[in-house]
Amino acid sequence: MVVSPNYFISLNIRVEYISPVSALTPDNFLFFSVQRGEDIRKALAKSPTRKPIKITGSDGVSYPTVRSQPIPNHYTWESEEDDIAYTEFYLANFAHGNACIFNWFHNLIANSSSLARQTTTPTLDTPKNIQPPEALTGGKINLSSDIWTLGCTVSLVPIPHPFLFFFFRNPRSSMIP
Amino acid sequence: MSLFPEEQLDSPLGYFPAQLGQTLKDGKWTIARKLGWGPRSSTWLVIDHDDMHRALKILTAAATADPKAKNERYFVLEAEKAVSSGVPELLETFQETDGQGRKHLCLLFRILGPSVENLRQGNVYDGQNLPVHIVQKVISDISHHLASLATRNIIHGG
């Protein structure tokens with residue numbers, strides 16, 4: 001790339017890093033866990049590891065299959081408020097990120113059209129029924145997109161008290177497919 | 001009807017056919033338990049000779065072959081800088097080759113616990129509902145993490 005010395009070019013580039021594949025869904029909200037081997041063994045004692053079962057696939061190969069068994073803890077759906085308050089939920093699954101560079105502001109562009117570089121709009125790998133409007137219309141993805149998806153996720157988690165659904169309602173709720 | 005209860009091991013996606021007791025990374029890590037699975041990976045509890053317990057996420061062959069496969073490592077490390085605690089801590093990455101010669105990217109994390117989905121499914125008595133105070137706690141923590149990520153221009157994208 002060659003820049004003509006006759007022109008001063010000031011280019012501020014704003015970089016947005018976007019992780020498009022992960023979904024803000026309850027299976028990606030994880031409890032904290034004990035780490036020491038001794039503590040993990042105590043936890044696993046409550047839920048012994050299941051033995052594998054051999055299943056023959058469509059390819060004729062016999063696979064030893066096991067079911068998922070996360071490290072258990074003492075929390076249940078009946079956990080009291082003052083108990084659950086002391087745990088921390090982790091946000092997991094940052095698969096397949098995508099970096100998008102937007103040309104935020106530039107002064108005096110003459111033979112510099114190559115500097116006005118804009119990548120393709122990032123895409124979300126979220127189920128379409130909870131994607132924000134900008135994802136469906138090709139608009140700009142940002143933090144509000146995450147908040148939208150989180151709100152939809154909450155509304156889809158059945159709760160016994162419907163008022164919480166209204167608590168998370170936003171002006172764009174009428175656009176939910 | 002699927003033959004397998006969880007990930008389809010005969011799928012062309014190429015899930016790593018891990019077995020309990022199998023060793024990885026030249027015998028350093030021994031598979032002890034399955035922790036979970038997803039469309040691009042399966043996650044296993046692994047133990048080393050020093051009794052260190054870790055979670056090993058093994059990507060499918062297809063996910064490993066994807067040119068964007070290495071981005072997960074990048075974004076997890078960036079997320080760790082933004083959020084002091086609240087995102088998985090990536091410790092190591094390496095590759096394993098399965099019996100069919102397919103390569104699988106392996107991501108070693110500190111262990112995390114069950115998911116909110118596991119919690120919800122535990123309520124078999126009342127439609128798999130969750131009490132309001134639990135949902136409020138979840139939303140509070142996750143929103144806080146999203147806000148921290150946004151300070152480094154990272155969005156979860158979900």
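In what follows, every heavy atom counts, from backbone to side chain, and hydrogens, waters and symmetry copies are set aside. Lettering of chains follows the sequences in order, A, B, ..., and the numbering in each one begins at 1.
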Are the side chains of [X] and [Y] in touch, meaning some heavy atoms are under 4.5 Å apart?
X: A/Leu24; Y: B/Leu146; answer: yes
X: B/Met52; Y: A/Arg36; answer: no
X: B/His53; Y: A/Ile71; answer: no

Side chains of [X] and [Y], donor plus acceptor under 3.5 Å:
X: B/Ser115; Y: A/Asp27; result: no
X: B/Glu6; Y: A/Thr65; result: no
X: B/Glu117; Y: A/Thr25; result: no

Given heavy-atom pairs under 4.5 angstrom as the criterion, report whether the side chain, backbone, both or neither of B/Asn118 touches chain A.
side chain
Against chain A, label B/Pro17 side chain, backbone, both or neither, depending on which of its atoms sit under 4.5 Å from a heavy atom there.
side chain
Any side-chain to backbone donor/acceptor pair from B/Lys137 onto A/Thr87? Under 3.5 Å, distance only.
yes
Would you say the side-chain atoms of A/Gln69 pair up with the backbone N or O of B/Arg33, donor to acceptor, closer than 3.5 Å?
no
Flag the one option from [options] with the top tally of heavy-atom pairs under 4.5 Å to chain A.
options: B/Phe4, B/Trp44, B/Phe109; result: B/Phe4
options: B/Ser85, B/Ser41, B/Ala79, B/Pro67; result: B/Ser85
options: B/Ile142, B/Ile134, B/Asp50; result: B/Ile142

With side chain to side chain contact (heavy atoms under 4.5 Å, CB included) as the criterion, how do B/Arg110 and A/Gln35 come out once you've worked through the C-alpha distance, each side chain's angles and the decisive distance to 0.1 Å?
CA-CA 7 Å; B/Arg110 287 199 190 277; A/Gln35 299 293 313; 3.6 Å; yes
Which bit of A/Val61 is near chain B, if near means a heavy-atom gap under 4.5 Å: side chain, backbone, both or neither?
neither
Look at the rings of A/Tyr90 and B/His145 and say which category their plane angle falls in: under 30° parallel, 30 to 60° tilted, over 60° perpendicular.
tilted
